[in-house]
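Comments concern the structure below.
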Amino acid sequence: MKVVLPDNSELELPDGSTGLDAARAIGPKLADQAVLVRSDGRVQDLRLPLQDGQQLQILTTRDTEDADALWVLRHSSAHLLAEAVRRLYPGVKIAIGPPIENGFYYDFEFPEAVSEEDLPRIEEEIRRELAEGREWRREEVSAEEARKRFEAEEEPYKVELVDTADGPISFYTQGNFTDLCRGPHLQDSRPIKAIKLTGLAGAYWRGDEKNKQLTRIYGTAFYSQEDLDAYLERIEEAKRRDHRRLGVQLDLFHLSDVSPGSPFWHPKGAVIWNQLEALRRRMNEKHGYVEVRTPLIYDSSVWVTSGHWEKYRENMFLIPEGERTYGLKPMNCPGHMLLFNSRIHSYRELPVRYAEASPLHRNELAGALHGLTRVRQVTQDDAHIFVAEDQIEDELDRVLAYVRELYAIFELEPRAELSTRPDNKAGDDELWDHSEAILERVLRTHEMQYAIGEGEGVFYGPKIDLHVTDSLGRSWQMATIQLDYHQPRQFENTFMGGDNREHTPAVIHRAVYGSFERFIGILTEHYAGAFPVWLSPVQVRVIPVGEDHRVAARRLEEALAEFRIEVDERDETVSRRIRDAELEKIPYVIVFGDKESDEALAVRKRGGVQSTLSLEGLRAEISQVATL
RNA sequence: GCCGGAGUAGCUCAGUUGGCAGAGCACUGGUUUUGUAAACCAGGUGGCGCGGGUUCGAGUCCCGCCUCCGGCUCCA
């Protein structure tokens with residue numbers, strides 16, 4: 001048989017040769033360092049036989065940054081973790097332990113409570129294993145044999161995994177520890193040069209909150225100590241970017257016990273909000289939206305009609321008032337549908353695009369709240385577009401174009417996801433088939449890469465979501481585009497068609513920022529607090545050198561009043577005031593003393609670049625970036 | 001909501017086996033009049049998250065609750 005190497009040369013091997021055989025045929029050193037086979041983007045265990053004509057790349061311990069090479073290292077590390085835990089905690093039940101982005105985890109059911117204080121002890125045990133050395137042995141077994149084995153070991157989670165497994169079942173053994181595992185794994189533990197347990201958390205078995213909660217231990221591993229150190233340093237840097245920290249430092253907002261999940265916006269944070277709000281209005285005007293305002297609270301009958309009462313009530317704040325119960329709106333859609341019904345519409349008016357950015361309230365689970373990215377008071381840049389059936393695709397196309405135009409401004413690169421029917425869907429499958437197909441076609445015409453979010457849709461329809469990752473690697477949904485046939489029927493929305501008959505429109509729900517709160521949180525991290533000039537709460541700060549320069553500084557403030565400008569007259573040294581301006585990430589600082597005049601201003605840009613500009617030259621420069 | 005951790009001054013944190021609540025920054029007053037990332041001196045910083053309990057005595061020990069942090073689940 002022959003295999004094709006990365007340089008396109010061919011290697012002749014005996015039939016049935018494995019990846020390791022191939023590595024040996026090339027050289028003993030390669031065989032020694034080999035960790036994984038990759039062919040056509042797929043990874044394969046070194047112990048498995050190769051196919052005739054197969055493309056072959058052998059990854060080694062030197063591929064320290066290769067995602068697949070790290071993946072196998074961490075996967076094997078997870079097994080070492082399980083072995084250590086088994087030894088230290090007799091009676092522990094083991095569940096699953098996959099590699100994940102930046103590390104790995106293993107889920108356990110401990111016979112006793114375990115806390116983070118126990119991690120060093122477990123880590124020590126892993127180090128002992130590493131010092132002794134471990135080799136992995138692979139074997140294929142029948143389902144019956146696998147079952148018998150795990151029943152004998154009293155491992156109920158493994159038994160369940162065997163019972164639900166499809167395809168051949170394989171075991172990997174290292175030391176006295178054997179685990180059900182598809183692989184691939186390292187040949188031995190030598191490449192694991194750095195390993196660290198990073199945390200511990202509860203996690204439901206199979207991700208279902210109806211199941212038992214297990215204890216998940218997180219860790220990470222690298223091919224060198226330097227890589228681990230660099231990773232830990234990156235985590236520290238990410239923490240410095242965290243919008244919760246920067247929000248306090250930059251005096252943008254704060255959160256308080258008195259209203260969990262509802263930010264207090266400070267003057268500087270409000271500037272950013274208002275800039276985004278102005279941009280929203282301009283964009284909406286340009287794209288044919290009309291602004292509306294609808295009530296915040298509605299009688300429960302409205303929520304019964306919309307379906308929220310049945311599908312969403314546990315997330316709503318309810319207000320009993322005499323005989324009635326009001327619900328504080330978690331979404332704008334019902335209000336917009338009631339508004340649409342206030343008069344007869346002609347097909348000639350469609351699409352009708354109602355936009356509104358009023359605060360919504362969602363009673364999110366206490367443990368789900370997170371800074372600005374997960375709040376209870378949500379302000380979506382919402383709109384509902386009423387369209388005739390034959391306008392749907394064209395309109396979705398426009399919405400997607402709008403979204404891309406807006407995200408380009410911030411140089412955000414979101415990932416698209418098509419979210420399909422959820423378990424608690426309203427409406428029949430035929431309608432969902434139809435809606436999902438339309439969204440898919442639109443994504444294709446835009447040639448957008450997208451993932452499928454199986455069952456992630458809203459109860460009334462499927463959606464296209466855009467996701468952005470925060471500084472800590474958590475992914476957040478931002479923009480959403482939802483296609484809804486359900487609610488317009490429920491609210492009996494109609495328009496008169498060209499055939500002089502009543503028709504029911506479809507409604508496209510869309511939010512482009514997603515919510516102001518989350519968007520500002522993500523932007524803060526995206527820019528590490530150094531907002532572009534048009535968003536900066538303070539755009540220019542003037543620092544008079546001494547008391548004698550205050551008058552001139554104030555005159556400068558007036559001369560440049562079209563910008564957000566202020567004078568720092570504090571009795572502090574120039575150095576001190578510059579330092580403070582830098583910490584506040586103000587884009588322009590003007591130092592004004594004896595040497596300066598309108599013809600020659602000392603300008604310092606954020607980061608420390610200094611230049612001399614005339615007043616008009618400075619005005620021209622800032623004007624370029626102070627507005628969009 | 002669930003698992004684990006935490007809550008002390010506006011912020012970041014220290015506080016031994018239960019024995020008079022601390023530091024730096026910020027803030028206030030004074031000195032200084034400042035030239036591109038922290039001038040100097042002095043000073044108040046406080047219901048130790050909330051409510052019970054144990055104790056002669058609780059920031060410290062016990063119970064309940066709230067909030068926050070890391071995850072899980074759920075979502076913009």
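Order of the sequence lines fixes the chain letters, A, B, ..., with proteins taken first and strands second; residue numbering starts at 1 for each chain.
- The gap from the P atom of B:rG30 to that of B:rG35 amounts to 22 Å, rounded to the nearest Å.
- Residue contacts for A:Y218: at a heavy-atom cut-off of 4.0 Å it reaches the sugar-phosphate backbone alone, with no base atom in range.
- Base contact: A:G367 has a heavy atom under 4.0 Å from a base atom.
- Comparing B:rA14 with B:rC48, their C1' atoms are spaced 13 Å from each other, to the whole Å.
- In this model, a side-chain donor or acceptor of A:Y204 finds a partner on the base of B:rG1 within 3.5 Å.
- Across the protein-nucleic acid pair, A:K212 atom NZ and B:rC72 atom C1' stand 15 Å apart, rounded to whole Å.
- Rounded to an integer number of Å, the gap from A:L255 CG to B:rG10 P is 17 Å.
- Closest contact between the side chain of A:R374 and the listed nucleotides B:rU34, B:rC74, B:rU73 involves B:rC74.
- Ring pair A:H75/A:W71 is perpendicular by interplanar angle, where above 60° counts as perpendicular and below 30° as parallel.
- Of the two residues near RNA chain B, A:D208 and A:R576, the one whose nearest nucleotide lies more 5' is A:R576.
- Using cut-offs of 30° and 60° on the angle between ring planes, the pair A:H361 and A:F317 is perpendicular.
- The partner of B:rC56 is B:rG19, judged by Watson-Crick or G-U wobble contacts that both fall below 3.5 Å.
- For A:S115, the listed nucleotide lying nearest its side chain is B:rG5; candidates were B:rC68, B:rG5, B:rU36.
- In this structure, A:F264 places its CZ atom 16 Å from C1' of B:rC68, rounding to the nearest Å.
- Nucleotide B:rG5 holds its P atom 11 Å from the CG atom of A:L119, rounded to whole Å.
- Across all strands shown, B:rC75 has no partner, as no Watson-Crick or G-U wobble contact with both distances under 3.5 Å is found.
- With distances taken from any side-chain atom of A:K595 to the nucleotides B:rU32, B:rG1, B:rG35, the minimum falls on B:rG35.
- Checking B:rG35, B:rA37, B:rG4 against every side-chain atom of A:R579, the shortest atom distance belongs to B:rA37.
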Intermediate values then yes/no, side chain to side chain donor-acceptor pair (under 3.5 Å), A:E405 and A:H287: CA-CA 11 Å; A:E405 183 183 341; A:H287 287 88; 3.3 Å; yes
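- Ring pair A:F519/A:Y513 is tilted by interplanar angle, where 30° to 60° counts as tilted.
- Side-chain to base pairing of A:D571 with B:rU32: one donor and one acceptor N or O lie within less than 3.5 Å of each other.
- Donor-acceptor pairing under 3.5 Å, judged by distance alone, is absent between the side chain of A:E314 and the base of B:rG1.
- Counting any heavy atom pair closer than 4.0 Å across all strands shown, A:Q482 reaches sugar-phosphate atoms only and no base atom.
- With both ends at atom C1', the span from B:rA9 to B:rA26 equals 10 Å, rounded to whole Å.
- Residue A:R362 has its side chain nearest to B:rC75 when only B:rC75, B:rG70, B:rC72 are considered.
- Closest to the A:Q477 side chain, of the nucleotides B:rA76, B:rC68, B:rA37, is B:rA76.
- Across the strands present, B:rU34 finds no partner; the criterion is a Watson-Crick or G-U wobble pair with both atom distances under 3.5 angstrom.
- Between A:K463 and B:rA76 there is a side-chain polar atom (N or O) within less than 4.0 angstrom of OP1 or OP2.
- Comparing the same atom, P, in B:rG64 and in B:rG47 gives a spacing of 27 Å after rounding to whole Å.
- Heavy atoms of A:D594 sit under 4.0 angstrom from at least one base atom.
- A:V375 comes within contact range of at least one nucleobase, with a heavy-atom separation under 4.0 Å.
- Of the listed residues (A:H384, A:H509, A:K463), just one forms a side chain to side chain donor-acceptor pair (under 3.5 Å) with A:D484, and that residue is A:H509.
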Intermediate values then yes/no, salt bridge (charged side-chain N to carboxylate O under 4.0 Å, His left out), A:E291 and A:R280: CA-CA 11 Å; A:E291 191 79 13; A:R280 179 188 79 91; 2.7 Å; yes
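- One P atom belongs to B:rG18, the other to B:rC56, and the distance between them is 15 Å to the nearest Å.
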Derivation of the salt bridge (charged side-chain N to carboxylate O under 4.0 Å, His left out) call for A:K158 and A:E109: CA-CA 12 Å; A:K158 291 296 178 188; A:E109 183 188 335; over 6 Å; no
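- Base engagement by A:V378 is indicated by at least one non-hydrogen atom pair under 4.0 Å involving a base atom.
- Rounded to a whole angstrom, the distance from the C1' atom of B:rA37 to that of B:rC75 is 42 Å.
- Across all strands shown, B:rU67 is found opposite B:rA6 as a Watson-Crick or G-U wobble partner, with both distances under 3.5 Å.
- Side-chain proximity of A:V248 to B:rC11, B:rA37, B:rG35: nearest is B:rC11.
- A:H549 has no side-chain polar atom (N or O) that falls below the 4.0 Å cut-off from OP1 or OP2 of B:rU33.
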Trace of the side-chain contact (heavy atoms from CB on, under 4.5 Å) decision for A:V538 with A:R564: CA-CA 5 Å; A:V538 177; A:R564 293 188 289 275; 5.5 Å; no
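- The CD-C1' distance, from A:E572 to B:rU28, rounds to 13 Å in whole Å.
- Position along RNA chain B of the nearest nucleotide to A:A201 versus A:G607 favours A:G607 as the more 5'-ward residue.
- Note on A:A602: a base of the nucleic acid sits closer than 4.0 angstrom, heavy atoms only.
- Under the Watson-Crick or G-U wobble criterion, with both distances below 3.5 Å, B:rA42 is paired with B:rU28.
- Closest to the side chain of A:L583, out of B:rU36, B:rU33, B:rA37, is B:rA37.
- Residue A:A511 is classed as having no contact, given no heavy-atom separation below 4.0 Å to the nucleic acid.
- Here A:E125 does not pair with A:R121 in a salt bridge; the nearest charged N to carboxylate O distance is not below 4.0 Å.
- Atom name C1', nucleotides B:rU55 and B:rU17: the rounded distance is 16 Å, in whole Å.
- For the OP1/OP2 pair of B:rG70 and a distance below 4.0 Å, the side-chain nitrogens and oxygens of A:R244 include at least one atom meeting the criterion.
- The phosphate of B:rA37 (OP1 or OP2) has a side-chain N or O of A:R604 nearer than 4.0 angstrom.
- The side chain of A:S515 lies closest to B:rA76, out of B:rU36, B:rA76, B:rG70.
- Rounded to whole Å, the separation between the C1' atoms of B:rC63 and B:rG70 comes to 26 Å.
- Rounded to whole Å, atom C1' of B:rG71 lies 13 Å from atom CG of A:L214.
- Of all heavy-atom pairs spanning A:V292 and A:H336, the tightest one is CG2-NE2, 3.5 Å.
- Across all strands, A:G207 comes closer than 4.0 Å only to sugar-phosphate atoms, never to a base (heavy-atom distances).
- When each of B:rG35, B:rC69, B:rA37 is scored by its nearest atom to the side-chain atoms of A:E582, the top-ranked nucleotide is B:rA37.
- In this entry the distance linking NE2 of A:H370 with P of B:rU73 reads 16 Å, nearest Å.
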